[in-house]
Protein chains: 2
Amino acid sequence: MKKIELDQTGIFEEKGIKKFLVHDSAYFKIINFNIKAGQTFPVHSHKIEGQLSMLVLSGTGEFLGQGDAAMAAKPGDILISDISEPHGARAITDMRILVTIAPPI
Amino acid sequence: MKKIELDQTGIFEEKGIKKFLVHDSAYFKIINFNIKAGQTFPVHSHKIEGQLSMLVLSGTGEFLGQGDAAMAAKPGDILISDISEPHGARAITDMRILVTIAPPI
């Protein structure tokens, strides 16, 4: 049993995406990504079994999918996607997301 | 790929705990629990393999563990626990948590 305080990881990079590994085990991997306003977490996918959730902690932007698919993303919005399905995110304001991957990649 | 908006599930019961199933699959189960101020999500455990995360979305309270173990819990705090390890939560103010269980129970 352990506690992680995400208010301690609210750090952004001027360009690109700041990544904090919250947890990694045989069961799931949990990562906090902080995406600077205007930056994109590129759409990608992996040909493996499993799913991920992507929760917006703060800020606004869009969840991205295959092609030009985009869904508005605000705090409390959570995306569920197969790992094999294209997924990504774009920040409009500085945006923090929590991604949970099961089983871990 | 689907999006769930947790700002639509911010409903509390006067007594007890309100539960919203966010997602259930072969890979993980995601549940939003809304715990009214003063209420307790009782400490419990299951004798199965796996882990869970418990993220505070809003409100304050405590993460509970074996015996009298308690850790302060505020928005952005995330508890990681084995499913077989005793875990629970107590709300001081109205508290919303998001629990992810992998593999699903």
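Just so we're clear, the structure is a prediction, and the values are computed from it rather than from any experiment. For the numbers below, each heavy atom of this structure counts, side chains included, while hydrogens, waters and symmetry mates do not.
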Between E49(B) and chain A, with a heavy-atom cut-off of 4.5 Å, which part of the residue counts as in contact: side chain, backbone, both or neither?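 Contact with chain A: backbone and side chain both.
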
Before we go on, tell me: are the rings of H87(A) and F63(A) under 6.0 Å apart, centre to centre? no

Count the heavy-atom pairs under 4.5 Å between each of T9(B), V56(B), V22(B), L52(B) and chain A, then report the option with the highest count.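 Option with the greatest count: L52(B).
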
Report yes if some heavy atom in the side chain of L6(B) is under 4.5 Å from a heavy atom in the side chain of D77(A); otherwise report no.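 No - every pair of side-chain heavy atoms lies 4.5 Å or more apart.
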
Test side-chain contact (heavy atoms from CB on, under 4.5 Å) on I31(A) and K19(A) and set out the steps. CA-CA 7 Å; I31(A) 309 167; K19(A) 173 182 175 174; 3.6 Å; yes

Tell me whether T93(A) contacts the main-chain N or O of A37(A) through its side chain, where contact means a donor paired with an acceptor under 3.5 Å.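 Side chain of T93(A) to backbone of A37(A), a donor-acceptor pair under 3.5 Å: no, none is there.
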
Between K74(B) and D7(A), is a side-chain contact (heavy atoms from CB on, under 4.5 Å) present by the stated rule, with each step listed? CA-CA 9 Å; K74(B) 64 181 184 303; D7(A) 66 355; 2.9 Å; yes

Considering only heavy atoms, which portion of [X] lies under 4.5 Å from any heavy atom of chain B: side chain, backbone, both, or neither?
X: S53(A); answer: both
X: I78(A); answer: both
X: E85(A); answer: side chain

What residue, out of I80(A), T100(A), D82(A), has the most heavy-atom pairs lying under 4.5 Å from chain B? I80(A)

